[in-house]
Novice: 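Structure incoming, see below.
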Amino acid sequence: MELIVALGVIVFKVALVIAILLLLPLPLTWLERKIAGHMQQRMGPMRVGWHGLLQPVADGIKLLTKEDHIPAEADRFLFKLAPILALAPPFVAFAAIPFGESVSVLGNEITLYISNLNVALLFVFAVIGLEVYGVIFGGWAANSKYAVLGSLRTCAQMISYEIPMGFAVIGVVMLAQSMSLLDIVRAQTDVWNVVYQPIGFFVFFVAGLAEAQRIPFDLAEAEGDLGAGFHTEYSGIRFALFMVSEYVVMVLVSVLTVILFFGGWNGVLIPLPPLLWFLLKVAFFVYLFMWFRFTFPRYRYDQLMAIGWKVLLPLSLANIIISGVVFS
C-alpha cells in the first residue's frame, strides 16, 4: 500500500509540473507584452478581456485551429519530430529541480521535488544540451535557406555558451562540496553564493540568456534578417511548441540562477514562506529576461561569438582558479 501511495504522489507531482509548465506561456506572454507596452509608453494588449487578460487564450485558440502547413520538400518525419525534441528536454530537466524542502499535507510530509539526484546539476546540464537537436532538425528538415541558417547559428551559439555556463558553476560546486541542488541550497543558509561567486553569477546569467536564445542573443531567430530563423516554416500547434519551449527554458535558467547563486528558498529579513521566497526570486529573473528584450539591441554574429569565447570563457576559467585558491 505504501508503494502505491508513493507512486501516486510521484505521478501527481509529474502531472502537476507538466501542467504548470504547459500553462506558463499564457500569463508570461501577457506579462511580456505589458512590460513591452509600458517601456514603449503604450498600453499593451487591452482588447480581449480586462486589460487584455484573455489575449493569450485567443492566441492559443488561433494556434490550435490554424492550418498545419508542411513544406512540400521537407523531411516530414523530422519536421514533425523537431518541436517535440525542442520541448522535451527542459521539461525533463525539471524532474531534478527542487522548489523547497517539504510541506505537511494532512499530516503527511510531501517533498517539493520529484527526485533528489546526487548529480542533479550534471543531469540538468546534460538534458538541456539535447534541446539543440530539436532546433537543428527543425531548420534542416524544413529545406529552407533561412531555417537552415537559423539552425546553424543556434548550433554554434549553444555550443559556444554551454562551455562557460558549465564552468561558471564549478565554483558553486566547490563551495557546496556537492552536485545535489538540495545540498547547494542548504549550503547558502547563511550567505548566498552570489557574495562569493559574483563572476560565476555574471557568466552563468549571460550564458543563460544565450542558451534561452533571448535578446540580445536571439541570433537563432533574428526576425530582421532570417524571417524567424529555424521555425520560419512552422505554423499552428508546432510553432506553439517551439514558443512553449523558449518560455520553459527561460524559466529554467531563472530557477537555476536562484538555486545556484541566490539561496534558493532561503529568505532574508522578511519572514515569508520558503516557497514564496523562491517564487519571488524566480519572478524577478523572469522579469529581467523580459526587460533585457526591450532594452538591448541584437548583437552581430561575430560579436556574439567574441563574447562567448573571448570574454565569458576566460572569465569562467579565472573564476575557477580564484575559487580553487581561495576555498581550497
Novice: Is the closest side-chain donor-acceptor distance between N116 and S180 under 3.5 Å?
Specialist: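 Yes, a side-chain donor-acceptor pair sits under 3.5 Å.
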Novice: Look at atom CZ of F79 and say whether more than 12 heavy atoms of other residues, nucleotides or ligands are closer to it than 6.0 Å.
Specialist: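 More than 12 within 6.0 Å, yes.
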Novice: Which atom pairs, one a donor and one an acceptor, fall under 3.5 Å between side chains of residues 258-287 and the rest of the protein, sequence neighbours left out?
Specialist:
| unit_1 | atom_1 | unit_2 | atom_2 | d |
| --- | --- | --- | --- | --- |
| N266 | ND2 | V185 | O | 2.9 |
| N266 | ND2 | G263 | O | 3.1 |
| W277 | NE1 | I270 | O | 3.1 |
| K281 | NZ | F262 | O | 2.7 |
| K281 | NZ | G264 | O | 2.9 |
| K281 | NZ | N266 | O | 2.6 |

Novice: Show every donor-acceptor pair shorter than 3.5 Å between a side-chain atom in residues 81-98 and any protein atom, with sequence neighbours excluded, or say none if there are none.
Specialist:
none

Novice: Going by the salt bridge (Lys or Arg N to Asp or Glu O under 4.0 Å) test, which pairs reach into residues 67-90, not counting sequence neighbours?
Specialist: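 Only D68-R238 qualify under salt bridge (Lys or Arg N to Asp or Glu O under 4.0 Å).
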Novice: Taking W140 for the side chain and L78 for the main chain, is one N or O donor matched with an acceptor at less than 3.5 Å?
Specialist: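 The answer is no, because no donor-acceptor pair under 3.5 Å joins these two groups.
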Novice: Please say which of F204, F217, W309 ends up in a ring-ring contact (aromatic ring centres under 6.0 Å, His included) with Y161.
Specialist: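 It is F217, the one option of F204, F217, W309 that forms the ring-ring contact (aromatic ring centres under 6.0 Å, His included) with Y161.
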Novice: Using the rule given for side chain to side chain contact (heavy atoms under 4.5 Å, CB included), can you reason through I159 versus C155, listing the C-alpha separation, both sets of side-chain angles and the distance that settles it, and then say yes or no?
Specialist: CA-CA 6 Å; I159 291 173; C155 181; 3.8 Å; yes
Novice: Judged by atom type as modelled, is there a donor-acceptor pair below 3.5 Å linking the side chain of Y234 to the main-chain atoms of A142?
Specialist: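 No; zero donor-acceptor contacts below 3.5 Å.
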Novice: Carefully, step by step, assess N319 and V203 under the rule side chain to side chain contact (heavy atoms under 4.5 Å, CB included).
Specialist: CA-CA 10 Å; N319 185 62; V203 173; over 6 Å; no
Novice: Between R214 and E32, is there a salt bridge with N-O shorter than 4.0 Å?
Specialist: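 Judged by the 4.0 Å cut-off on N to carboxylate O distance, E32 and R214 do form a salt bridge.
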Novice: Side chain to side chain contact (heavy atoms under 4.5 Å, CB included) between L182 and E101: does it pass, once the steps are laid out?
Specialist: CA-CA 8 Å; L182 271 174; E101 295 283 358; 4.1 Å; yes
Novice: Would you call the rings of F292 and F296 parallel, tilted or perpendicular, where under 30° means parallel and over 60° means perpendicular?
Specialist: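 Plane angle over 60°, so perpendicular.
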Novice: Below 6.0 angstrom between ring centroids: does that apply to F289 and F205?
Specialist: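 When the ring centroids of F289 and F205 are compared, they turn out to be within the sub-6.0 Å range.
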Novice: Is the number of heavy atoms from other residues, nucleotides or ligands under 6.0 Å of R42 CZ greater than 12?
Specialist: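 Check passes, neighbour count above 12.
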